[in-house]
Visitor: 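Got a structure for you, written out below as structure tokens; questions coming shortly.
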Amino acid sequence: MMAANPYWQSRGTTLSGGRFRCPSCRHEVILDRHGVYGLQRNLLVENIIDIYKQEYSSRPLKKGNHPMCKEHEDEKINIYCLTCEVPTCSMCKVFGTHKDCEVAPLQNVFQGQKMELSNCISMLVAGNDRVQTIISQLEDSCKTTEDNGRLVKQELCEKINALIAILEEKKNELLQKVTKEQEEKTSLVQALVQQYKEQLEESTKLMETAFQSLEETGGATFLTNAKQLIKTIVEASKGGCLGKIEQGFENMDYFTLDLEHIAEVLRAIDFGTDEEELNEEEEETEEELSPERKVDAPQ
């Protein structure tokens, strides 16, 4: 152990008998029976140590990267109490509060805990990756759902608009039929009205001629035209040559539409159902209607 210390060597010759050179001034020092306690005190170093101890008396002191024990200030915390699950020093294990506890080297526990924490971090990273993957999948699902919904809405509008177009076309077709029938009937009636107006006008003229004949004072002159005038008036008064309309001619209720069954079909429009479900419903309906399926109630 001493040979490994460079301060115990002097120019290639090993000093024995308690001799060594001062690491600062290289002066050769001979130890007496008091050993290192007989050396001259370095007050400057002792003052620095006292100041250091006072400053860190309230928390574990560190020499370099090693925390020091609160109970034994000169002892490094170098073991781990497995029983109490706290770091401690060797003196606490030998003489202190942890003498009956199970301990392990601090470095071993440190490496084990560090590895476990690293594994936990890896688990968190993997879990976060899974969560992010799920989030991405859900977002993609949401977008796909919106796109699919948009396409279904577009297709639905196209189909409904096609039905509306068919109804609009059929409405115009039926309106044209009603309009044609209406125009034909009104044309016939207007023609009859015109004929009767002409007859009325001729009758009015005959009546004026008749009044003028009645004012004639001369018998010969009156008789010359009266016979033919009377014959003309009799023929005109019959009015049998003009057409007439039948009773209910104005009625057009034969154009009435019964669309209730179509309305029911339209109200029943819904999105398609699987064929299996439809078959099951048909089978259930057949079972309900079939008399062979009836079962007598228990007495």
Side-chain angles (χ1 to χ4, degrees), residues 146 148-273 275 277-279 281-282 284-286 288-291:
E146 292 177 351
N148 292 339
R150 193 179 302 109
L151 292 175
V152 170
K153 288 179 181 179
Q154 181 179 354
E155 183 179 359
L156 176 63
C157 291
E158 291 175 354
K159 291 183 177 181
I160 297 297
N161 290 336
L163 289 178
I164 294 174
I166 293 173
L167 289 175
E168 191 69 25
E169 182 180 359
K170 178 58 67 173
K171 181 186 73 173
N172 293 333
E173 178 184 343
L174 296 178
L175 286 175
Q176 288 178 2
K177 289 184 178 181
V178 174
T179 301
K180 181 180 179 181
E181 183 75 6
Q182 174 187 345
E183 290 177 350
E184 290 178 353
K185 286 190 173 186
T186 54
S187 297
L188 178 60
V189 173
Q190 288 174 357
L192 290 176
V193 169
Q194 183 63 30
Q195 292 176 9
Y196 278 99
K197 283 183 177 180
E198 292 176 356
Q199 181 181 3
L200 180 62
E201 184 178 357
E202 292 179 357
S203 176
T204 302
K205 289 180 179 180
L206 286 174
M207 187 173 58
E208 291 177 355
T209 302
F211 278 123
Q212 291 177 0
S213 296
L214 290 176
E215 292 177 358
E216 183 65 40
T217 57
T221 304
F222 175 80
L223 292 175
T224 301
N225 298 322
K227 188 175 181 179
Q228 183 62 36
L229 181 61
I230 292 172
K231 182 179 179 180
T232 302
I233 293 173
V234 171
E235 292 293 333
S237 63
K238 293 180 179 180
C241 61
L242 297 179
K244 297 180 181 179
I245 58 175
E246 298 177 358
Q247 186 177 2
F249 175 81
E250 306 86 351
N251 192 359
M252 298 182 69
D253 56 3
Y254 47 87
F255 285 113
T256 302
L257 291 177
D258 183 9
L259 300 178
E260 184 59 30
H261 62 290
I262 299 179
E264 291 178 359
V265 173
L266 292 176
R267 294 189 192 99
I269 291 177
D270 201 348
F271 297 105
T273 315
E275 294 183 359
E277 295 181 0
L278 291 175
N279 293 335
E281 292 179 358
E282 291 176 357
E284 291 177 357
T285 305
E286 291 177 357
E288 292 176 358
L289 298 177
S290 177

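Nothing here was measured: the structure is a model prediction, and the numbers come from that model. The residues of the chain are indexed from 1 along the displayed sequence.
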Visitor: Does K185 count as lying over the ring of F249, i.e. NZ or CZ under 6.0 Å from the six-ring centre, within 45 degrees of the axis?
Guide: yes
Visitor: Please check if the side chain of T186 supplies one atom and the backbone of Q182 the other of a donor-acceptor pair under 3.5 Å.
Guide: yes
Visitor: About how many Å separate CG of L163 and CD of E158, when rounded to the nearest 0.5 Å?
Guide: 12.5 Å
Visitor: For K197, is there an ion pair with E202 - N to carboxylate O distance below 4.0 angstrom?
Guide: no
Visitor: Going by an N to O cut-off under 4.0 Å, is there a salt bridge joining E168 and K171?
Guide: yes
Visitor: Please test E250 against I245 for side chain to side chain contact (heavy atoms under 4.5 Å, CB included), starting from the C-alpha separation and ending with a verdict.
Guide: CA-CA 9 Å; E250 306 86 351; I245 58 175; 3.8 Å; yes
Visitor: Test side chain to side chain contact (heavy atoms under 4.5 Å, CB included) on I262 and L257; report intermediate values, then the result.
Guide: CA-CA 11 Å; I262 299 179; L257 291 177; over 6 Å; no
Visitor: Could you check whether atom CD of E184 has more than 12 heavy atoms from other residues, nucleotides or ligands sitting under 6.0 Å from it?
Guide: yes
Visitor: For the CG atom of L151 and the CG atom of L156, what is their distance to the nearest 0.5 Å?
Guide: 12.5 Å
Visitor: For the pair E181 and K177, evaluate salt bridge (Lys or Arg N to Asp or Glu O under 4.0 Å) and give the outcome as yes or no after the intermediate values.
Guide: CA-CA 6 Å; E181 183 75 6; K177 289 184 178 181; over 6 Å; no
Visitor: Show the nearest heavy-atom pair for residues V178 and M252, with the distance to one decimal.
Guide: O-CE, 3.7 Å
Visitor: For a 4.5 angstrom cut-off between non-hydrogen side-chain atoms, does Q194 reach Q190?
Guide: no
Visitor: Are more than 12 heavy atoms, taken from residues, nucleotides or ligands other than Q247, located less than 6.0 Å from that residue's CD atom?
Guide: no
Visitor: If you apply the rule side chain to side chain contact (heavy atoms under 4.5 Å, CB included), what do you find for Y196 with E201, and how did you get there?
Guide: CA-CA 8 Å; Y196 278 99; E201 184 178 357; over 6 Å; no
Visitor: As a quick check of understanding, evaluate side chain to side chain contact (heavy atoms under 4.5 Å, CB included) for K153 and R150, giving each step before the final call.
Guide: CA-CA 5 Å; K153 288 179 181 179; R150 193 179 302 109; 5.8 Å; no
Visitor: Within this structure, what is the CG-CD distance for the pair L188 and E183, rounded to the nearest 0.5 Å?
Guide: 13.5 Å
Visitor: Show your reasoning for whether salt bridge (Lys or Arg N to Asp or Glu O under 4.0 Å) applies to E208 and K205.
Guide: CA-CA 5 Å; E208 291 177 355; K205 289 180 179 180; over 6 Å; no
Visitor: Under the side chain to side chain contact (heavy atoms under 4.5 Å, CB included) test against I164, which residue among L167, I166, I160 passes?
Guide: I160
